[in-house]
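Whatever order the structure lists them in is the order used to number ligands and atoms, beginning at 1.
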Amino acid sequence: MSILMYIQLAVKKLRDTYRTGRTKDVEFRREQLRNLLRLMDENEEEILEAVHKDLHKPRTEATLAEILVVKNDIAYALNHLSEWTKPEPIDVPLVNKMDSCFTVSEPLGLALVIGAWNYPIQLTIMPLIGAIAAGNCAVIKPSEIAEASAELVGKLIPQYLDQECFTVIHGGVEETQCLLNKCKFDKIFYTGGSAVGKLVMQAAAKNLARVTLELGGKSPCYVDKDSDLEIAVKRICWGKFANAGQTCVAPDYILCHPDIQEALVKQFKEALFEFYGEDPKESPDYARIVNNRHFNRLKSLLSSGECAVGGETDESENYISPTVMIGVKPTDPIMENEVFGPLLPIVNVESFDDAIEFINDRDRPLALYIFANDKSKIQRFMDSTSSGGFLANDTVVHAGVESLPFGGVGESGMGNYHGKNSFDSFSHKKGCVIKKQAMESFNSIRYPPYEEKRLAW
Ligand code: NAD
């Protein structure tokens with residue numbers, strides 16, 4: 001059987017199941033979510049091994065970002081499912097007081113979840129939680145780049161979830177293109193780079209499928225002169241160098257006044273020594289670049305500016321040390337695209353307002369960070385910029401607040417998820433009115449002939 005036929009058949013099977021209404025049943029959704037939680041519970045070791053194989057992901061980072069975050073989100077959905085699936089009454093004007101007016105969340109239908117490789121378990125399972133909770137059938141297409149994790153997802157999903165409702169399809173560009181262009185979905189949830197995001201949106205337009213695009217981009221981090229540099233740098237290091245910088249919301253570059261650059265670099269040296277020791281290559285807490293292509297892409301960026309910390313590479317292991325770069329100009333190659341690796345350029349700005357202008361001159365980022373003590377500065381920074389998410393005096397942790405919407409704006413994406421937002425992302429909010437056939441005399445004032453009645457009012 002050709003790939004195309006195999007995929008089309010699998011998708012048709014799911015579409016047929018969706019028509020039976022099986023996934024709409026709230027008890028069924030609850031059971032599938034419980035099974036998903038069991039999948040995460042019973043296979044922790046296998047998950048940790050797979051992400052270690054793919055990215056050398058440290059155990060603690062993986063436990064936090066690939067397991068705990070996902071389990072929390074499943075538990076949150078289970079705890080709130082009854083409330084989310086109930087009809088919601090709405091405020092109505094006087095004329096509708098006798099009617100029953102409410103909204104119900106109905107599933108969109110058949111969903112396609114396309115995952116990325118950097119958090120290969122989280123980025124496939126978290127959207128799936130929303131798809132299940134909202135009552136959809138779903139195809140899951142893990143990223144082929146994180147091979148061991150994709151294989152594991154493909155092995156475990158059929159063991160725990162209803163195979164007629166949820167299926168994993170493996171593959172790269174050819175298979176994904178086939179799913180996008182030769183199959184009909186009601187919802188496409190894509191995580192990855194923006195170039196492919198545009199292709200996803202084009203394909204979705206053919207069927208007017210709803211899309212969520214979880215993309216990336218350069219997330220700036222402004223460090224103000226008045227902030228505690230030691231604390232700022234530790235928090236930046238954690239967010240930037242976890243998973244060797246391959247995190248969509250990792251701070252991409254630092255903006256600071258030249259007066260504090262030297263002190264910042266000193267703090268970076270100390271924090272990195274404290275985190276990873278003399279040689280980060282020997283640290284069990286430091287990941288590797290996912291493959292040779294990305295290793296070489298990152299290595300070529302080392303020519304921008306000068307390495308103030310780090311800069312070591314080892315191709316045999318796809319290793320790049322945590323690196324802080326100075327003397328970087330806004331026009332340097334490293335400032336063109338998202339770094340998505342452990343290289344942190346520092347770009348100088350003359351003032352707080354220049355930092356805001358620098359950010360507003362560029363694409364709207366997925367995350368925006370500021371380290372400052374002055375509350376009014378934080379407020380002004382937030383009000384004068386636009387970004388998917390905003391975080392003051394820390395990095396990345398906003399992504400773990402389960403009830404906060406997580407998603408981008410403009411070039412960094414559209415739509416959002418996590419918690420109730422995931423449920424909403426896979427639902428259609430149907431506006432409903434239930435009237436009675438009584439009170440016809442009141443209703444009849446809207447019927448023609450109009451002229452006579454308007455006079456009577
Ligand atoms: P990737 O290469 O794994 O691609 C993502 C998915 O798109 C994969 O499933 C892949 O098979 C598919 N794909 C790739 N090329 C395709 C094509 N030509 N046609 C159809 N499908 C195709 O991941 P990536 O793009 O390298 O991901 C990195 C980017 O993702 C970064 O920009 C990062 O910031 C972003 N990201 C965003 C989030 C978020 O939640 N917003 C999370 C993780 C990563």
[atom]: the protein heavy-atom neighbour that sits closest, reported with distance to 0.1 Å:
{"atom": "atom 3 (O) of ligand 1", "result": "S143 OG, 2.6 Å"}
{"atom": "atom 35 (C) of ligand 1", "result": "G192 O, 3.5 Å"}
{"atom": "atom 7 (O) of ligand 1", "result": "Y190 CE1, 3.4 Å"}
{"atom": "atom 5 (C) of ligand 1", "result": "T191 O, 3.5 Å"}

Measure the acute angle between the ring planes of [X] and [Y], then classify it against the limits of 30° and 60° as parallel, tilted or perpendicular.
{"X": "Y286", "Y": "Y319", "answer": "perpendicular"}
{"X": "Y417", "Y": "F189", "answer": "perpendicular"}
{"X": "F406", "Y": "H398", "answer": "tilted"}

Non-hydrogen atoms of [X] versus ligand 1: any pair closer than 4.0 Å?
{"X": "G115", "value": "yes"}
{"X": "G413", "value": "no"}
{"X": "F406", "value": "yes"}

Using heavy-atom distances only, which candidate in [options] approaches [atom] most closely?
{"atom": "atom 14 (C) of ligand 1", "options": "I140, V196, T124", "answer": "V196"}
{"atom": "atom 21 (N) of ligand 1", "options": "T176, V113, D252", "answer": "T176"}
{"atom": "atom 33 (C) of ligand 1", "options": "F340, Y417, Y119", "answer": "F340"}
{"atom": "atom 10 (C) of ligand 1", "options": "H294, Q246, E144", "answer": "E144"}

Under the 3.5 angstrom rule, does the side chain of R297 hit a backbone N or O of V339 as a donor-acceptor pair?
yes

Can you name the atoms of ligand 1, numbered from 1 with element, that are less than 4.0 Å from a heavy atom of [X]?
{"X": "Q177", "result": "17 (C), 18 (N), 19 (N), 20 (C)"}
{"X": "N118", "result": "43 (C), 44 (C)"}
{"X": "E338", "result": "31 (C), 32 (O), 33 (C), 34 (O)"}
{"X": "I145", "result": "2 (O)"}

Before signing off on this row, confirm whether [X] and ligand 1 have an N or O atom pair separated by under 3.5 Å.
{"X": "K141", "answer": "yes"}
{"X": "G193", "answer": "yes"}
{"X": "W117", "answer": "yes"}

Salt-bridge contact E147-K53 (side-chain N to carboxylate O under 4.0 Å):
no

Taking only Lys NZ, Arg NE, NH1 and NH2, and the carboxylate oxygens of Asp or Glu, determine whether R15 and D186 approach each other closer than 4.0 Å.
yes

Heavy-atom check, side chain of V26 versus side chain of L81, under 4.5 Å
yes

Would you say the side chain of K57 lies within less than 4.5 Å of the side chain of H52, judging by non-hydrogen atoms?
no

Ring centres under 6.0 Å, that's the criterion: do Y222 and F352 meet it?
yes

Of L161, L112, I125, L128, the one forming a side chain to side chain contact (heavy atoms under 4.5 Å, CB included) with I140 is L128

